Every structure is written in C-alpha cells, then in structure tokens.
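No experiment lies behind these values; they were computed from the predicted model shown.
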Amino acid sequence: MIIKSLKVQAHKFLSSQKPGIIFMHIPKTGGTSVDRSLRIDYGKKNSYKVNPILTSQAVKNVNKKQKVQRKYDKFALRESILLLEMAKGTKYISGHFHFNQDVWEAYQDRYSWTTILRDPVKRYISQYFFDAFKPEDHARVSESLEDFIESVRGKRRGQSYINYFGNFSRQNYTDPNEKLKVAKENLLKFSVVGFLDDLDGFRNELRQKFDLNVKVPHMNKNPVPKPEIKESVRRKIEENCQYDLLLYSYAKEHFS
C-alpha cells in the first residue's frame, strides 16, 4: 500500500515537471490514439481534454432559441476553455480547437503546440463514414457520400486543415488561397507535427523534443474500414480537399 502510494506521488511529481503541450486534434487523423496516450503519460491531474460533444451541445442549446442576440460558436467556446486551462497551468491540453496566433504568442514560453495529420482525402472519407454510422446525433451525416460531397457542408469539410491552422470558421468565406497562406505561416509555429503514416517518426520527435515516451495504439476504428469509392467520387473529394492537400504537402516538406 505504501509502495503504491509512493509510486502515485512520484508519477504526479514527474508529470508536473513535464513540458506544457497543446495538442490540436483535427478529427480522423489518428489523434484519438495519440491524445489518450499523452493524457495517460501526463496523468489526470496534469491533463485536460476539451469535450467536443458537450461544447457543441452547449452552443446548440443556446443558438436554437429564437430570440438569441448573437450566434455562439463552438470553437470560440473551446478556445475559452483552452485559455482557462492554460491560465491554471495544466500541463497537457487537447481538443478540437483551432490554432490562435494571439494565444500562441501569449503563452509561447510555457506551451508548445503539436498535432498529427493524415492524407486529406483519406481523412475526408474516414470522417464521412464515421459520422454516417455514429449512434449519436452529434455531427451525424444522413446523406449518401455522392450527395454529401456536393453539399455546402461537404465542400467546407474539405478545408478542415486550412481552417484549423488558419483559425477560420467554416462560415468564413475568405479566399481559400489567403486561408492557405495564413495556415502555412501558423503551421511553422508548431513544435512537432506528426503524420499518421509515420507514427514511429512522430514518437521519435516527441521523445527528442519533449522527452516523452508514448505508445500509440489504434483507436476509434472506422465502421467501414475499406470503403469502395467510385473514381468520379474520389476526384470530387480531391477537388474539395485541394487546399488541404497543398497544406499537407507543405507540412510534409517541413516536418518529415
């Protein structure tokens, strides 16, 4: 009992000495596995995950009121929670929030940003099938893939990377070329950017830069692991993802 207590205290102490890390989790990139491994390494007392479902539901509950004075944004709420946890000194914070230049500048001496990326077309397809087969209403997709890729939502989803790195809302209609420019500038402020097709490289970077030894099991498996996609549909997905593909290539050049 005493030995167990000493081990717990030692883990808490060592976790408190770890570097401050912000993990920007972009959906369906392999981030769930990475995040869980890092949270285990840091421990409950020194880590915090911004809940994507609760933040979405909270905003939805307010916005559905007919006389709401302004529309609330789930990413703004998540950013506020992120700031609160940073102010508290939580060592490891993760979530589906955007990169913010102001936040980075204010805390760059205490926190490093990291993320993991996946081929944008594969990510797009994976997220579609994950959302189409999920049991809860949160972010569920009801259209066929053929209809989804032609929808406004489907076209916006192809710009997930440039929106996350550029801190643009999905309703922001800034020229995608400008979004890409901002996203590239912000990408270079990240300390570590990993890739799903090179998890060993990502683990090595975390070890070399932060002295973290993490195991990354595969979690959140897709209900349709190897979907058959028509070539015409794939070409349309590539068109929707054209700017994310450019950012992904840029990331590969600078972080591989």
Side-chain angles (χ1 to χ4, degrees), residues 21-41 49 52 92 94-99 112-133 145 149 154 157-166 179-180 183-231 233-256:
I21 291 179
I22 307 298
F23 179 67
M24 185 179 78
H25 181 189
I26 302 172
K28 303 311 295 177
T29 56
T32 298
S33 304
V34 172
D35 177 42
R36 183 175 184 274
S37 181
L38 285 167
R39 281 189 287 117
I40 289 173
D41 194 58
K49 177 183 178 180
Y92 174 76
S94 62
H96 295 322
F97 39 70
H98 293 168
F99 176 84
S112 298
W113 285 65
T114 185
T115 193
I116 188 167
L117 301 177
R118 179 185 191 179
D119 174 271
V121 173
K122 292 180 179 179
R123 192 207 71 81
Y124 187 106
I125 293 171
S126 178
Q127 188 172 7
Y128 167 79
F129 283 101
F130 183 78
D131 287 346
F133 285 87
L145 179 58
I149 60 177
R157 180 162 289 180
Q159 296 185 9
S160 292
Y161 285 173
I162 61 174
N163 285 336
Y164 265 80
F165 281 97
K179 285 185 176 183
L180 177 62
K184 284 182 175 180
E185 292 172 354
N186 289 342
L187 172 71
L188 298 181
K189 296 179 175 68
F190 279 65
S191 298
V192 175
V193 175
F195 301 93
L196 186 59
D197 60 4
D198 183 19
L199 285 176
D200 286 339
F202 185 50
R203 283 191 290 263
N204 288 336
E205 283 292 303
L206 291 174
R207 186 181 304 112
Q208 291 173 13
K209 294 196 175 181
F210 304 125
D211 195 27
L212 296 173
N213 292 294
V214 298
K215 297 178 181 179
V216 187
H218 187 57
M219 297 176 62
N220 230 357
K221 295 183 179 180
N222 207 296
V224 185
K226 294 183 179 180
E228 294 185 8
I229 309 296
K230 296 178 182 177
E231 187 57 35
V233 172
R234 184 175 292 275
R235 284 197 299 270
K236 180 60 182 178
I237 294 173
E238 290 173 353
E239 180 184 327
N240 286 349
C241 295
Q242 58 182 303
Y243 294 97
D244 274 12
L245 283 163
L246 290 171
L247 185 63
Y248 182 73
S249 296
Y250 186 79
K252 281 278 191 177
E253 291 173 9
H254 288 80
F255 289 94
S256 288

J.: Would you find a donor on one side and an acceptor on the other, under 3.5 Å apart, between the side chain of Arg118 and the backbone of Lys28?
T.: yes
J.: Report the distance from atom OH of Tyr124 to atom CD of Gln159, rounding to the nearest 0.5 Å.
T.: 10.5 Å
J.: Any chance you could measure Leu206, atom CG, to Ser112, atom OG, to the nearest 0.5 Å?
T.: 11.0 Å
J.: Which distance, rounded to the nearest 0.5 Å, do you find between the CD of Glu185 and the CG of Leu180?
T.: 10.0 Å
J.: Hey, is the main chain of Ser33 close enough, under 3.5 Å, to the side chain of Ser37 for a donor-acceptor pair?
T.: no
J.: Please give me the minimum heavy-atom distance between Asn186 and Gly166, naming the atom from each residue.
T.: ND2-CA, 4.0 Å
J.: Aromatic rings Tyr92 and Phe23: how do their planes relate, parallel, tilted or perpendicular, breaks at 30° and 60°?
T.: parallel
J.: Would you find a donor on one side and an acceptor on the other, under 3.5 Å apart, between the side chain of His25 and the backbone of His96?
T.: no
J.: Report the C-alpha distance between Leu117 and Ile26 in whole Å, list the side-chain angles of each, state the deciding distance to 0.1 Å, and finish with yes or no for side-chain contact (heavy atoms from CB on, under 4.5 Å).
T.: CA-CA 8 Å; Leu117 301 177; Ile26 302 172; 3.9 Å; yes
J.: Restricting to non-hydrogen atoms, name the atom on Val34 and the atom on Phe202 that form the minimum distance, rounded to 0.1 Å.
T.: CG1-CE2, 3.5 Å
J.: Taking all non-hydrogen atoms of both residues, which atom of Phe99 and which atom of Lys189 are closest, and how far apart?
T.: CZ-CD, 3.7 Å
J.: Which value, rounded to the nearest 0.5 Å, describes the distance between Leu38 atom CG and Ile21 atom CD1?
T.: 6.5 Å
J.: Is there side-chain contact between Tyr161 and Leu187, with heavy atoms separated by less than 4.5 Å?
T.: no
J.: Measure from the side-chain N and O atoms of Lys209 to the backbone N and O of Val192, and report whether any donor-acceptor pair falls under 3.5 Å.
T.: no
J.: Without swapping roles, check the side chain of Arg123 against the backbone of Pro27 for a donor-acceptor pair under 3.5 Å.
T.: yes
J.: To the nearest 0.5 Å, what is the distance between SG (Cys241) and CG (Asp119)?
T.: 8.5 Å
J.: Picking from Tyr250, Phe190, Tyr243, what satisfies ring pair (Phe, Tyr, Trp, His ring centres under 6.0 Å) with Phe165?
T.: Phe190
J.: Is the closest side-chain heavy-atom distance between Leu199 and Ile116 below 4.5 Å?
T.: yes
J.: Minimum heavy-atom separation for Val214 to Arg203, with atom names?
T.: O-CD, 3.0 Å
J.: Do the side chains of Leu245 and Val121 get nearer than 4.5 Å, heavy atoms only?
T.: yes
J.: Does some side-chain heavy atom of Ile125 sit less than 4.5 Å from a side-chain heavy atom of Pro227?
T.: yes
J.: Apply the side-chain hydrogen bond (donor to acceptor under 3.5 Å, both in side chains) test between Arg157 and each candidate in Asp131, Asn240, Asp244; give the one that qualifies.
T.: Asp131
J.: Quick one: does Thr114's side chain get under 4.5 Å of Ser191's, heavy atoms only?
T.: no
J.: Do you know the tightest heavy-atom contact between Leu145 and Tyr128?
T.: N-OH, 3.0 Å
J.: In Å and rounded to the nearest 0.5 Å, what is the CG to CG distance from Asp41 to Asn213?
T.: 7.5 Å
J.: Applying salt bridge (charged side-chain N to carboxylate O under 4.0 Å, His left out), run through Glu239 and Lys236 and close with a yes or a no.
T.: CA-CA 5 Å; Glu239 180 184 327; Lys236 180 60 182 178; 3.3 Å; yes
